[in-house]
Protein chains: 2
Amino acid sequence: MTKRPADSANASAPTRQVPMRDFSRSLPMSLLRAREAVMRQFRPKLREHGLTEQQWRILRALASIEAAEVTELARTAFLLGPSLSRILRDLEARNLIERKTAKADQRRSMVSISKEGVKLMASVAPSSEAIYAEITQRFGARKLAELQEMLGQLELCLAFPDAGDDVTDET
Amino acid sequence: MTKRPADSANASAPTRQVPMRDFSRSLPMSLLRAREAVMRQFRPKLREHGLTEQQWRILRALASIEAAEVTELARTAFLLGPSLSRILRDLEARNLIERKTAKADQRRSMVSISKEGVKLMASVAPSSEAIYAEITQRFGARKLAELQEMLGQLELCLAFPDAGDDVTDET
DNA sequence: CGCATTCACTTAACATGTTAAGTATCTTCG
DNA sequence: CGAAGATACTTAACATGTTAAGTGAATGCG
């Protein structure tokens, strides 16, 4: 047994100059853990169909918009360009999507979901929706809506530093 | 009485068999976007010091617990074993952490932060805390606490499917 | 004691996150 | 027209996420 720091409560380790918040209670960690808890519900089912989370995001995004430019798709699926580029290459090789360069502007390529992609989506969507329904029921629909509202506000107030957000209860 | 939403109102896109929720409003996306919005505040400062988000998590975890086994550290920093293994190798090469195998059990290795690691933390922590304070102020301290509470509940009710959580009124 | 099993990591392999650099196309303006 | 700059991706390089397999050390049990 090596020597322990003065074992008072856990708030005062002598080696630290700057006392930081309890690590596990930081906002990024809370968000990460919550998201992981949610994704853990979906991943096995997606995996059964040979899809990763991101590939599934892309297919879903495409299914709802018919066709889109790569940049637009990146924004919708919340992926960075390079990631999307790789994934589209793979999805195209699997014939789940189709690409054709726009006539008006040769730089842009229009991406759309293929028949096979639609079929795959149809085979996964029911399970996916069932899982989501289960989560909603477990957590509570109202609470879930509340949570999403707060997440949206958080995103907004960080994205636009000048937007005053409707906090009001704090000075 | 959980009745499936009759798909009369929202089955508008001709290519879709199964109407899915609006993509951008799914819980995983909300969590991802919120977390990204938060991390975007921290990343530049960490980068200035040559640290990634995960490396910073590990240093913070180590700073508060003196020494830990790898498995324990993985749990604390919320990293998978393989990721942690790689990162520890790099941090050790940079002399930010130290490792020694436990005497009692040669399989385990005890990881601790080095003097240099402590120094690095001391140089980053103030900025990090300042950023966190800014976020707290912008979003509102009370609201932030509320949000974290909900995130914790979400995590719990998904981790332990039998735990009844205090879910509203559903029977 | 011997050997299968478990345990605590580590490596490997593939996919994505993240930043920087590259390429081809389009636009602007002299 | 034509060179400079902007735009829409794509590649490259490195770090991490994720699953599976490997390695060496304890443990259980006949």
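Convention: sequence-line order gives letters A, B, ...; per-chain numbering from 1.
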> Does a side-chain N or O from B:S85 land closer than 4.0 Å to OP1 or OP2 of C:dT10, or not?
Replying inline: yes
> Just to confirm, is there a sub-4.0 Å distance from OP1 or OP2 of D:dT10 to any side-chain nitrogen or oxygen of A:R99?
Replying inline: yes
> Are any of A:Q106's side-chain N or O atoms less than 4.0 Å away from OP1 or OP2 of D:dA8?
Replying inline: no
> Salt bridge check: are B:R40 and B:E36 linked by an N-O gap of less than 4.0 Å?
Replying inline: yes
>> Does B:R107 contact C:dC9 through a side-chain donor or acceptor facing the base, at a distance under 3.5 Å?
In response: no
> Is it true that B:Y132 and B:M39 fall in one hydrophobic cluster, defined by side-chain heavy atoms closer than 4.5 Å?
Replying inline: yes
>> Please pick, from C:dT25, C:dT18, D:dA26, the nucleotide with the shortest atom-to-atom distance to any side-chain atom of A:P82.
In response: C:dT18
> Roughly how many Å is it from NZ in A:K103 to C1' in C:dC26, rounded to a whole number?
Replying inline: 17 Å
> So which one's nearest nucleotide on DNA chain C is more toward 5', A:G81 or A:D105?
Replying inline: A:G81
> For the pair made of CD1 in A:I58 and P in C:dG17, what is the distance, rounded to whole Å?
Replying inline: 9 Å
>> What is the distance, to the nearest angstrom, from the CZ atom on B:R43 to the P atom on C:dT19?
In response: 6 Å
> A:L147 and B:L27: side-chain contact (heavy atoms from CB on, under 4.5 Å), yes or no, with the steps?
Replying inline: CA-CA 9 Å; A:L147 174 57; B:L27 180 56; 4.2 Å; yes
> Which sits closer to the 5' end of DNA chain C, B:L84 or B:E36, going by the nucleotide each is nearest to?
Replying inline: B:L84
> Are B:E146 and B:K143 close enough, and set up right, to give a salt bridge (Lys or Arg N to Asp or Glu O under 4.0 Å), and what steps lead you there?
Replying inline: CA-CA 5 Å; B:E146 244 182 89; B:K143 240 164 107 175; over 6 Å; no
>> Between P on C:dT16 and CZ on A:R57, what's the gap in Å once rounded to a whole number?
In response: 10 Å
> Can a donor-acceptor pair under 3.5 Å be found between the side-chain atoms of B:R86 and the base atoms of D:dG17?
Replying inline: yes
> Given atom CG of A:L80 and atom P of C:dA15, what is their separation to the nearest angstrom?
Replying inline: 18 Å
> Between C:dA15 atom P and A:Q55 atom CD, what is the distance in whole Å?
Replying inline: 8 Å
>> Without decimals, in angstroms, what is the distance between B:Q54 CD and D:dG17 C1'?
In response: 9 Å
> Out of D:dA8, C:dT16, C:dC9, which nucleotide sits closest to the side chain of A:R108?
Replying inline: D:dA8
>> Base, sugar-phosphate or nothing for A:R40? Non-hydrogen atoms, less than 4.0 Å.
In response: nothing
>> On the nucleotide C:dT16, are OP1 or OP2 found under 4.0 Å from the side-chain N or O atoms that A:T52 carries?
In response: yes
> Out of C:dT10, D:dT16, C:dA8, which has the shortest distance to the side chain of B:T71?
Replying inline: C:dA8
> To the nearest Å, how far apart are B:L32 CG and C:dT16 C1'?
Replying inline: 12 Å
> Would you say the side-chain atoms of A:E98 and A:S114 include a donor-acceptor pair closer than 3.5 Å?
Replying inline: no
